[in-house]
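Accompanying notes for the structure given below.
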2 protein chains.
Amino acid sequence: MIVAMSRYDPSAFPPFAVTVDLVVLTVRDHALCALLVRRGEPPFQGYWALPGGFVRPDEGLAEAASRELAEETGLRAHSAPGHDAAGPGAAGAHLEQLATYGHPQRDPRMRVVSVAYLVLAPDLPTPRAGGDASGARWAPVAELLGQSPVDGVPLAFDHGLILADGVERARSKIEYSSLATAFCPAEFTVGELRRVYEAVWGVVLDPRNFHRKVTGTPGFLLPSGGTTTRQGGRPAQLFTAGGATVLNPPMLRPEP
Amino acid sequence: MIVAMSRYDPSAFPPFAVTVDLVVLTVRDHALCALLVRRGEPPFQGYWALPGGFVRPDEGLAEAASRELAEETGLRAHSAPGHDAAGPGAAGAHLEQLATYGHPQRDPRMRVVSVAYLVLAPDLPTPRAGGDASGARWAPVAELLGQSPVDGVPLAFDHGLILADGVERARSKIEYSSLATAFCPAEFTVGELRRVYEAVWGVVLDPRNFHRKVTGTPGFLLPSGGTTTRQGGRPAQLFTAGGATVLNPPMLRPEP
DNA sequence: GATCATAGTCGTCTCTCTGACGATAAGCAC
DNA sequence: GTGCTTATCGTCAGAGAGACGACTATGATC
């Protein structure tokens, strides 16, 4: 019986499966999008789900998340273990632990505890399907979180809840950190960064005030010297992410 | 082999033990304190550790944390599942998920994944030891996180790291939420609330500016009508926590 | 009971930052 | 060239924070 089990007796513990699930977010076409895979096996066969998989016996949680991310997208992630970690403007994606989901009935087959990770990545080509997934796609989170689920059906398991938590984390975190740069390529313009904020928050920001704010925050942006006209209009200065990870004072999210 | 295992095959998953660990914080004598228990069994026998235990097969993670908290302290917690949840000024403690720790070697006996929860509670009597703990005490976090570990030895397992993460979460969360009231009894004065901020942040705040800020934030404090002189000096108005959970604009933490 | 120490509460001033918005600059399409 | 787009600089009013003066109402001490 459980009640008779000593709380730390290793020979009599209730067995759990531990998985990682990934909320991979990017900004495409002015919209915040999440990576979904189509499940090729029951349960929820044919449903869209977050990428993820079992943690192996000899690997850490962040390590498992990194591995799944690489298998699924080819991305190299910098995990941010304690606090800051990622170097400025590096090519990979930002990865951080989101939360852990362990409702006893969240998987119909067995007791599964899933550690969710949040990944913020620059725009990528449409991912290949890999492993046991029969398809993969970028889906705008506005469709996923609105009243109308994808293709008329919700996500598998509790992945809709996990996705909502991940999106909320991303939305609030770009307020007080420089994480929005994780959605940009290594070199980007102030306007491109502003479009990231607009897509993630679903708002329109004043270009002049935004420019003043980000260029006036020490350590947020480093001028790289070049300019670009890839967005049309007047040539814009190119920047890379500065070393600052915390924005003080924060970027204020306007209310509706 | 693991690599041959289908990622969601329930019949061939690597078995893990899943535990919850609690970072229980309170403010005593102008200091932020954490609840520790002394381990009565190996490994780390005689070391101080965070309270916690195995998750039972039929209970959720927050449920397990709640149960352990009640067993250890007699506290009833309001978990805060999605966002807000706790009613204003209720008698119990605030409970929220902190993070999950699963380094392969974090427990010398076996693979254990631990979901840490953060509990913020008003000052309590010294807790009774329970279960397999041979003692329990409140320890000032300044001593625990400084260079000098308790009694010359660090905490068991990776609990020092978990504690540090919990303290950092508490410190940052009272900036932009009304969570500091969770450290106060149901009725409290502005000065008592200020002493909570001062203890958690380890700073001294201007009483006049603090008063203006908290009384000027709609929904943060509700006047309860009464007054008290329990802190000495001029009688102070009593308040209960208002319904607001988010502080906008936030309370600013002064820098050294 | 007068005095003092302790806290609480209200006001004022200055500085910084934000939001709103005008004006100018420098590319591209035609 | 004209028109359109985006980038960048500047100005101004209002909100909020830090610094601090002033006053109030208790209990403690002589």
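Every chain is numbered from 1 and lettered A, B, ... according to where its sequence line falls, protein lines coming before strand lines. Every heavy atom of this structure was used, including side-chain atoms; hydrogens, water molecules and symmetry mates were not. What you see is a predicted model; the values in this text were computed from it and never measured.
- Residue pairs meeting the salt bridge (Lys or Arg N to Asp or Glu O under 4.0 Å) criterion with at least one member in residues 217-244 of chain B, sequence neighbours excluded: B/E192-B/R230.
- Here ring pair (Phe, Tyr, Trp, His ring centres under 6.0 Å) pairs that include residues 203-239 of chain B, with residues two or more places apart or in two chains, are B/Y197-B/F210.
- Contacts of B/T100 classified as side-chain hydrogen bond (donor to acceptor under 3.5 Å, both in side chains), with partners at least two apart in sequence or in another chain: A/T100.
- Partners of B/E175 by salt bridge (Lys or Arg N to Asp or Glu O under 4.0 Å), not counting sequence neighbours, listed by chain and number: B/R253.
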Report, as a single string ordered 5' to 3', how protein heavy atoms within less than 4.0 Å touch nucleotides 15-24 of chain C: B base, S sugar-phosphate only, - not at all. --SBBBBB--
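- Each of B/F239 and A/P235 lies near DNA chain C, and the nucleotide nearest B/F239 is the one positioned closer to the 5' end.
- Residues passing the side-chain hydrogen bond (donor to acceptor under 3.5 Å, both in side chains) test with B/R169, sequence neighbours excluded: B/E96.
- With sequence neighbours left out, the side-chain hydrogen bond (donor to acceptor under 3.5 Å, both in side chains) criterion links A/S178 to no other residue.
- Remark: A/A244 engages no residue in a side chain to side chain contact (heavy atoms under 4.5 Å, CB included) (not counting sequence neighbours).
- For the side-chain hydrogen bond (donor to acceptor under 3.5 Å, both in side chains) test, residues two or more places apart in sequence or in another chain that qualify with B/D123 are B/R28.
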Could you write out each protein N or O paired with an N or O of nucleotides 28-30 of chain C at a distance under 3.5 Å?
none

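- Each end of the helix from C/dG1-D/dC30 to C/dC30-D/dG1 gets its own axis, taken as the rotation carrying the C1' atoms of four end pairs onto the next four within a five-pair window, and the two axes meet at 10° to the nearest 10 degrees.
- Take the nearest nucleotide of DNA chain C for B/T215 and for B/Q231: the residue whose nucleotide is more 5' is B/Q231.
- With sequence neighbours left out, A/A34 forms a side chain to side chain contact (heavy atoms under 4.5 Å, CB included) with A/L25, A/V141, A/L144, A/L163.
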